[in-house]
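Here is the structure we will look at.
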Amino acid sequence: ECISGDPVFEFATMSLFYTDEQMNIIKSGYVETNDLPSDYEKKFDLYVLRYIVNKSKISIKKLQFLEKESTRNRFNLAKKKLSRLIKDLS
């Protein structure tokens, strides 16, 4: 899944699968060879929100029929990030 190769979307998506510490390592590697887009901060939270809303419905359906630890862990991480995002936007 990608939006015209937008690196901000890629970082937002990865942030739901990796810890903040891991994301800092990934991002620092990226900036060694590329500049972050000037609108990175503006778009990052919006993309995270979009991804969570889009994928949560799928995760909830999966968990209703088959409880998988990996799906539950990803869903819980998404809920934490969503909670943090809502607080930041308030």
Side-chain angles (χ1 to χ4, degrees):
E1 200 171 330
C2 126
I3 297 181
S4 300
D6 186 345
V8 182
F9 185 78
E10 300 302 327
F11 281 118
T13 301
M14 285 189 286
S15 76
L16 295 168
F17 296 93
Y18 297 100
T19 65
D20 290 342
E21 182 180 306
Q22 291 169 316
M23 285 305 301
N24 288 334
I25 293 168
I26 292 168
K27 200 160 86 171
S28 68
Y30 179 85
V31 298
E32 286 180 12
T33 59
N34 300 284
D35 293 329
L36 288 174
S38 60
D39 58 357
Y40 180 87
E41 297 298 328
K42 290 180 182 177
K43 289 168 54 176
F44 183 84
D45 290 340
L46 181 62
Y47 285 156
V48 168
L49 181 60
R50 177 242 174 243
Y51 194 89
I52 290 172
V53 169
N54 186 45
K55 299 299 181 182
S56 289
K57 183 176 180 184
I58 295 167
S59 293
I60 290 168
K61 283 193 175 257
K62 279 184 179 180
L63 289 170
Q64 287 174 341
F65 295 103
L66 177 64
E67 181 70 33
K68 281 180 66 179
E69 185 176 350
S70 61
T71 303
R72 174 67 59 192
N73 290 342
R74 281 193 308 274
F75 187 67
N76 286 334
L77 179 61
K79 287 194 312 187
K80 285 180 190 173
K81 291 195 183 259
L82 181 59
S83 176
R84 192 176 328 146
L85 180 60
I86 290 170
K87 286 177 188 172
D88 289 346
L89 294 174
S90 298

Within one Ile-Leu-Val-Met-Phe-Trp-Tyr cluster: L36 and Y18, side-chain cutoff 4.5 Å | yes
For F44, does the CZ atom have more than 12 heavy-atom neighbours from other residues, nucleotides or ligands under 6.0 Å away?
-> yes
Could you grab the distance from atom CZ of F17 to atom CG of N73, nearest 0.5 Å is fine?
-> 12.0 Å
Kindly work out whether a path of hydrophobic side-chain contacts (I/L/V/M/F/W/Y, heavy atoms less than 4.5 Å apart) joins F9 to V53.
-> yes
Between K27 and Y40, the two heavy atoms sitting closest are CD-OH, 3.5 Å
What heavy-atom pair brings F11 and I26 nearest, and what distance separates the two atoms?
-> CE2-CG2, 3.9 Å
Any chance you could lay out the side-chain contact (heavy atoms from CB on, under 4.5 Å) test for V8 and K42, step after step, and finish with the verdict?
-> CA-CA 10 Å; V8 182; K42 290 180 182 177; over 6 Å; no
Output for pair (L16 CG, L82 CG), nearest 0.5 Å, gives 9.5 Å
Counting distance only, does the side-chain N/O of S83 pair as donor-acceptor with the main-chain N or O of K79 below 3.5 Å?
-> no
Can M14 be reached from L85 by stepping across I, L, V, M, F, W or Y side chains whose heavy atoms are under 4.5 Å apart?
-> yes
Candidate pair D6 and Y47, rule side-chain contact (heavy atoms from CB on, under 4.5 Å), full reasoning | CA-CA 11 Å; D6 186 345; Y47 285 156; 2.9 Å; yes
Separation between CG (L49) and CD1 (I86), nearest 0.5 Å, reads 7.5 Å
Quick one: pull up OG in S15 and CG in D45 and give me the separation to the nearest 0.5 Å.
-> 9.0 Å
In sequence, state the C-alpha distance, the side-chain angles, and the governing distance for D20 and K81, and then conclude on salt bridge (Lys or Arg N to Asp or Glu O under 4.0 Å).
-> CA-CA 10 Å; D20 290 342; K81 291 195 183 259; 3.2 Å; yes
For D35 against Y30, the heavy-atom pair lying closest together | O-CE2, 3.9 Å
